[in-house]
Amino acid sequence: MVFTATQNHAPHDLPAAISALKQERKAVILAHYYQDEAVQDIADFIGDSLELSRKAAATDAEVIVFCGVHFMAETAKILSPAKTVLLPDLEAGCSLADACPAEAFAAFRAEHPDHIAVSYINCSAAVKALSDLICTSSNAVDLVKQLPADRPILFAPDQNLGRWVQRQSGRQLTLWPGSCIVHETFSEQALLQLKLEHPEAEVLAHPECQQHLLDLADFIGSTSALLRRAEASSAASFIVLTEPGILHQMRLKVPGKSFYEVPGADGCSCNACPYMRLNTLEKVWQCLDLMQPEIVMDEALRLKALAPIEKMLAMSR
Ligand code: 13P
Ligand code: SF4
């Protein structure tokens, strides 16, 4: 059965309806690991920010449904301007991108005219356009190490990631004071309690976490790196210090092992990214049905933002 754009009500079997509409629209569905399990399950490709950017650049689909947050869909549009890029919920932002307004970043750059500006991909297109180089959590250390040793470096907008890159690369970075509301919420007390209950478990952490938590981790890396580590490690159980959406793929890929998420302070469920989780199966169906919300970009801004992203892709191993 083919579902058409004239339909008003969400069909009962959403995965089947999405699959049919996806073929009709010649669309591909890309999803980040922090999406709801049901959204991950209908995706054609699931990955971390770097892998999703590469997929967006390489796909021959006519439409990209980006199940992630706004800066990710925007990056897909920057890399694939001829394609229609849909974001199921346009409100799916990111606290890091919000923490770095372009005008303030331009002033920060102007105060440090001799610095190379490296920006984490979690920022707006306007901030990318003001940057020399973009990085993701999976390539930040490697890229910073490749920069000329005699040039000072600005790093924005995540100060936690920046401090970790600083420690790993041995380079001094001037940091923008942004942070992720999700990765700043993890309770050290709850982590220590989990370590007591599961002393054999390996602690896996995303570098957006604060340093006092990273100091308790056995392995630090991007979401994809954490997933690979869970597969490759000889440990049978893991305490995971990042958004718990990743546990779905960990359990699917390594079914014999145990995974424990770390709650937020006061046991709240604020360890789930409130932006990522705005995308739902119903909104995925709806955006394919209506062909909106669509990411649209000014061409001059796109070209400025493209240069530091292309530099990143060229320098990434
Ligand atoms: P990754 O680089 O692991 O995809 O992380 C992106 C992100 O937003 C983490 O909060
Ligand atoms: Fe942004 Fe944090 Fe959500 Fe990642 S988890 S998208 S950094 S708010």
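Whatever order the structure lists them in is the order used to number ligands and atoms, beginning at 1. Just so you know, these numbers use all the heavy atoms, side chains as well, and skip hydrogens, waters and symmetry mates.
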Does an N or O from D48, backbone or side chain, lie closer than 3.5 Å to an N or O of ligand 1?
no
Has E188 got more than 12 heavy atoms of other residues, nucleotides or ligands less than 6.0 Å from its CD?
yes
Would you list the protein N, O or S atoms within less than 2.8 Å of atom 2 (Fe) of ligand 2, leaving out water?
C180 SG
Note: ligand 1 atoms sitting under 4.0 Å from heavy atoms of N122 are 7 (C), 8 (O)
So, the side chain of Q35 versus the backbone of M276: is there a donor-acceptor pair under 3.5 Å, distance only?
yes
Within the distance-only criterion (no hydrogens, no angle test), does the side chain of D44 pair as donor or acceptor with the backbone N or O of I29 below 3.5 angstrom?
yes
How about H212: does its NE2 atom have over 12 heavy atoms from other parts shown lying under 6.0 Å from it?
yes
Would you find a donor on one side and an acceptor on the other, under 3.5 Å apart, between the side chain of K77 and the backbone of P81?
yes
Classify the contact between Y33 and ligand 1 as side chain, backbone, both or neither, using a heavy-atom distance cut-off of under 4.0 Å.
neither
Taking only distance into account, with no hydrogens and no angle test, what donor-acceptor pairs under 3.5 Å do side-chain atoms of residues 53-67 form with protein atoms, sequence neighbours excluded?
unit_1	atom_1	unit_2	atom_2	d
S53	OG	S49	O	2.8
T59	OG1	A61	N	3.0

Within the side chain of D132, is there an N or O that forms a donor-acceptor pair under 3.5 Å with the backbone of A117?
yes
Looking only at protein heavy atoms, identify the closest one to atom 5 (O) of ligand 1 and say how far it is in Å.
H206 NE2, 3.2 Å
Near H32 (heavy-atom distance under 4.0 Å), the atoms of ligand 1 are 1 (P), 4 (O), 5 (O), 6 (C)
Between D89 and the options H70, K283, R277, the side-chain hydrogen bond (donor to acceptor under 3.5 Å, both in side chains) test singles out K283
Proximal ligand 1 atoms for S49, defined as those under 4.0 Å from one of its heavy atoms
1 (P), 2 (O), 4 (O), 5 (O), 6 (C)
Below 4.0 Å from any atom of ligand 1, is there a heavy atom belonging to H183?
yes
Please list, in number order, the atoms of ligand 1 under 4.0 Å from a heavy atom of S222.
3 (O)
Contact check, side chains of K304 and L130, non-hydrogen atoms, under 4.5 Å:
no
Heavy-atom side-chain proximity of I121 to L50 below 4.5 angstrom
no
Under 4.0 Å from a heavy atom of E208: give me the atoms of ligand 1 that qualify, with their elements.
7 (C), 8 (O), 9 (C), 10 (O)
Which ligand 1 atoms does T223 reach within 4.0 Å, using its non-hydrogen atoms?
1 (P), 3 (O), 4 (O)
When you measure from atom 2 (O) of ligand 1 to each heavy atom in G68, A140, S137, C94, which option holds the nearest one?
S137
Where do Y260 and H198 land on the side chain to side chain contact (heavy atoms under 4.5 Å, CB included) test, with the steps shown first?
CA-CA 9 Å; Y260 309 102; H198 309 283; 3.3 Å; yes
